[in-house]
**Q** 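Okay, here's the structure, questions in a sec.
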Amino acid sequence: MNKLEIIGWGSSLPSQRVQTGGQTRYRAAEGETQLGMMCAAARKALAKAGIATADLDCIVAAAAVGVQPIPCTAALVHEQIAQGSDIPAFDINSTCTGFITALDTVSYLIAAKRYRTVLIVAGDLASCALNPAQRESFELFGDGAAAVVIRHTDAEKGVIGAMQQTWSQGAHSTEIRGGLTALPPQRYAQSDPTDFLFDMKGRDVLKLSLQKIPALFAEFWTQTRLSPADIDLVIPHQASKALPLMMKTLGFKTGQYIDTVAQYGNMVSASVPFALCQALDEGRLKTGNKILLTGTAAGLTCNILCLQI
C-alpha cells in the first residue's frame with residue numbers, strides 16, 4: 001500500500017445550467033474559464049485541508065485539454081494560487097482518467113518521500129469544443145473542476161493497488177485532431193473546421209470497452225486479492241448513459257456505484273474527482289472504506305485504482 005490520505009477537497013461548476021436530452025448539464029457562460037474553475041476548486045480544497053499554499057510540496061494538474069499548449073496548465077494554476085513560491089508544478093494527462101493516473105503516480109512520489117503534501121486538480125471546458133451536429137456528444141458533456149489535497153500518513157490508508165492499460169486501436173474513436181503539431185492552428189482556414197471540434201464514435205468506444213475491460217478487471221482482482229464484494233463504493237468516470245451496463249458487466253450492484261450522468265453528464269477529467277468530492281461532502285465514505293476509482297479515456301485507456309479511506 002502506498003500510504004496517503006485525503007485531507008482536503010473541493011469542486012467548482014460554471015453558473016449556466018442547461019437541459020439537454022432530458023438531462024442537466026453545467027456549461028460555462030461568457031467570462032467563465034477552465035482555469036477559473038480549476039483555481040476555485042483548488043482554493044476550496046486548500047481551505048478544507050486547513051493549510052496554506054506554502055504548505056504544498058507539489059501542484060499537479062490533470063486536465064484532459066490544457067488551458068494553452070505552453071506552459072503546462074499546472075504552471076498557470078501556480079500563477080493564480082502560488083505565485084512567488086518555487087513549488088514544482090506539472091501536468092499528468094490520460095484525458096478523462098487523468099485524475100486517477102495522477103493519484104496513482106503521485107502515490108509513488110509520496111511513498112518515496114519526494115513529496116509529502118500534494119494538490120491534484122482536474123477540470124475541463126468541454127463545451128467549447130462540442131459539435132452540435134454530433135448529438136450524442138453534444139448532449140453528453142458538461143464543464144467542471146475538482147481538486148484534492150493528499151498527504152503522507154502512517155495510518156493504514158492509501159492506494160491498495162492500481163492498473164492502467166491502453167488499447168490504441170481505439171485511438172481515433174475519441175479525439176480532437178486540430179490545434180497542435182499534427183494540424184496546427186494556422187491551418188484552420190484550409191482544413192475542415194470540425195477537425196478542431198470534439199469527435200466521438202460512441203458505439204465503437206463501448207464495443208471495445210466491453211471487449212477489453214472485463215479481462216483487465218479480472219487481472220486486477222487477481223493481483224490485489226480483492227473482489228467486487230470488497231468494494232464499499234465505486235466512483236466511475238461518468239462516461240455515458242451506458243454506465244449501468246458496464247457496472248453490471250463488471251459485477252457491481254445498483255447502489256454500489258455513483259451514477260450522476262443525468263445530473264452532470266461527462267465532465268471529462270473532472271468526472272471522477274467531482275464525484276469523489278460529492279461522496280466526501282455527503283459523508284458516504286468512512287474510515288476503512290475501500291473505494292474504487294475507474295473509468296475509460298481516449299486512447300482507448302482504462303484505469304482502476306483501489307483506495308482505502
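Position 1 is the first residue of the sequence; numbering continues from there. Because the structure is predicted, anything quoted here is derived from the model rather than measured.
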**Q** Using atom types as modelled and distance alone, determine if a side-chain donor or acceptor of Glu32 lies under 3.5 Å from a backbone N or O of Pro14.
**A** no
**Q** Flag the pair Asp195 / Leu197 as yes when at least one side-chain heavy-atom distance between them is below 4.5 Å, and no otherwise.
**A** no
**Q** Would you find more than 12 non-hydrogen atoms of other residues, nucleotides or ligands less than 6.0 Å from Lys201 atom NZ?
**A** yes
**Q** So do the side chains of Gln169 and Leu208 get within less than 4.5 Å of each other, counting heavy atoms only?
**A** yes
**Q** Would Tyr108 and Val148 show up in the same hydrophobic cluster when neighbours are defined by side-chain heavy atoms closer than 4.5 Å?
**A** no
**Q** Can you check salt bridge (Lys or Arg N to Asp or Glu O under 4.0 Å) on Arg25 and Glu139, steps first, answer last?
**A** CA-CA 8 Å; Arg25 304 290 180 259; Glu139 293 183 350; over 6 Å; no
**Q** For Val77 and Leu35, run side chain to side chain contact (heavy atoms under 4.5 Å, CB included): C-alpha distance rounded to whole Å, both residues' side-chain angles, the deciding distance at 0.1 Å, then the answer.
**A** CA-CA 7 Å; Val77 172; Leu35 183 59; 3.9 Å; yes
**Q** Strictly distance-based, threshold 3.5 Å: is any side-chain N or O of Asp259 a donor or acceptor partner for the main-chain N or O of Val261?
**A** yes
**Q** Are Phe138 and Phe198 near enough that their ring centres are under 6.0 Å apart?
**A** no
**Q** Quick one: closest heavy-atom pair of Thr117 and Asp55, and the distance?
**A** CB-O, 3.7 Å
**Q** With no hydrogens and no angle check, is any side-chain donor or acceptor of Ser94 less than 3.5 Å from a backbone partner on Thr97?
**A** yes
**Q** Can you list the steps and then say if Leu103 with Leu305 is a side chain to side chain contact (heavy atoms under 4.5 Å, CB included)?
**A** CA-CA 9 Å; Leu103 182 58; Leu305 185 147; 4.0 Å; yes
**Q** Would a distance-only check, ignoring hydrogens and angles, find a side-chain to backbone donor-acceptor pair under 3.5 Å from Glu282 to Ala279?
**A** no
**Q** Using only atom types and a distance under 3.5 Å, with no angle test, would you say the side chain of Gln256 pairs donor to acceptor with the backbone of Ile231?
**A** yes
**Q** On a heavy-atom basis, which atom in Val159 and which in Ser107 lie closest, and how many Å separate them?
**A** CG2-CB, 3.8 Å
**Q** Taking all non-hydrogen atoms of both residues, which atom of Pro214 and which atom of Leu250 are closest, and how far apart?
**A** CA-CD2, 3.9 Å
**Q** Classify the side-chain pair Asn303/Thr101 by whether it contains a donor and acceptor separated by less than 3.5 Å.
**A** yes
**Q** Between Lys286 and Ile309, is any pair of side-chain heavy atoms under 4.5 Å apart?
**A** no
**Q** Given side chains that start at C-beta, do those of Leu13 and Asp143 come closer than 4.5 Å, heavy atoms only?
**A** no
**Q** Using the rule that Ile, Leu, Val, Met, Phe, Trp and Tyr join whenever any side-chain heavy atoms are under 4.5 Å apart, tell me whether Met38 and Leu76 fall into a single cluster.
**A** yes
**Q** Do the side chain of Ser240 and the main chain of Ala242 share a donor and acceptor less than 3.5 angstrom apart?
**A** yes
**Q** Hey, is the main chain of Gly123 close enough, under 3.5 Å, to the side chain of Gln34 for a donor-acceptor pair?
**A** yes
**Q** Ring of Tyr264, cation from Arg17 - is the NZ or CZ under 6.0 Å from the centre and inside 45° of the axis?
**A** no
**Q** Is Leu226 linked to Val234 within one hydrophobic cluster, defined over Ile, Leu, Val, Met, Phe, Trp and Tyr using a side-chain heavy-atom separation of less than 4.5 Å?
**A** yes
**Q** Between CD of Gln164 and OG1 of Thr301, what distance do you get to the nearest 0.5 Å?
**A** 5.5 Å
**Q** Answer yes if the side chains of Asp124 and Ser269 hold a donor-acceptor pair under 3.5 Å, and no otherwise.
**A** yes
**Q** Would you mind reporting whether Leu4 and His152 have side-chain heavy atoms less than 4.5 Å apart?
**A** no
**Q** To the nearest 0.5 Å, tell me how far Ile235 CD1 sits from Ile291 CD1.
**A** 4.0 Å
**Q** Please determine whether residues Ile160 and Ile100 belong to a single hydrophobic cluster, defined as Ile, Leu, Val, Met, Phe, Trp and Tyr linked transitively by side-chain heavy-atom distances below 4.5 Å.
**A** no
**Q** If every non-hydrogen atom of Arg177 is compared with every non-hydrogen atom of Leu183, which pair is closest and at what distance?
**A** O-CB, 3.7 Å
**Q** Heavy atoms, side chains only, cut-off 4.5 Å: are Met200 and Ser173 in contact?
**A** no
**Q** We want to know whether Gln278 and Ser11 form a side-chain donor-acceptor pair, criterion being a heavy-atom distance below 3.5 angstrom.
**A** no
**Q** Side chains of Leu56 and Tyr115: does their closest heavy-atom pair fall under 4.5 Å?
**A** no
**Q** Cluster question for you: counting only ILVMFWY and a side-chain heavy-atom cut-off of under 4.5 Å, with indirect links fine, are Ile87 and Val149 together?
**A** yes
**Q** Atom CD1 of Ile258 and atom CZ of Arg284: how far apart are they, to the nearest 0.5 Å?
**A** 5.0 Å
**Q** Roughly how far, to the nearest 0.5 Å, is the OG atom of Ser137 from the CG atom of Leu130?
**A** 6.0 Å
**Q** Within the 3.5 Å criterion, strictly below it, is a donor on Asp230 or Ser227 matched to an acceptor on the partner's side chain?
**A** yes
**Q** Strictly distance-based, threshold 3.5 Å: is any side-chain N or O of Asp91 a donor or acceptor partner for the main-chain N or O of Thr73?
**A** yes
**Q** Has the side chain of Gln308 got a donor or acceptor atom that lies under 3.5 Å from a matching backbone atom of Cys306?
**A** no
**Q** Counting C-beta onward and ignoring hydrogens, is there a side-chain heavy-atom pair between Thr249 and Leu245 closer than 4.5 Å?
**A** yes
**Q** Under the side chain to side chain contact (heavy atoms under 4.5 Å, CB included) criterion, do Leu233 and Tyr257 qualify, and how do the steps go?
**A** CA-CA 6 Å; Leu233 186 66; Tyr257 60 89; 5.8 Å; no
**Q** Between Arg203 and Glu136, is there a salt bridge with N-O shorter than 4.0 Å?
**A** no
**Q** Could you check Ile6 against Leu280 for side chain to side chain contact (heavy atoms under 4.5 Å, CB included), going step by step and ending with a plain yes or no?
**A** CA-CA 10 Å; Ile6 298 171; Leu280 289 164; 4.2 Å; yes
**Q** Can you give me the closest heavy-atom contact between Arg27 and Phe141, atom names plus distance?
**A** NH2-O, 2.7 Å
**Q** Would you say the side-chain atoms of Thr53 pair up with the backbone N or O of Ile81, donor to acceptor, closer than 3.5 Å?
**A** yes
**Q** Can you tell me how far the NE2 atom of His237 sits from the OG atom of Ser271, to the nearest 0.5 Å?
**A** 5.0 Å
**Q** When rounded to the nearest 0.5 angstrom, what is the spacing between CH2 in Trp167 and CD in Gln211?
**A** 10.5 Å
**Q** Grab the two heavy atoms, one from Met163 and one from Phe220, that are nearest each other, plus how far apart they are.
**A** SD-CA, 3.4 Å
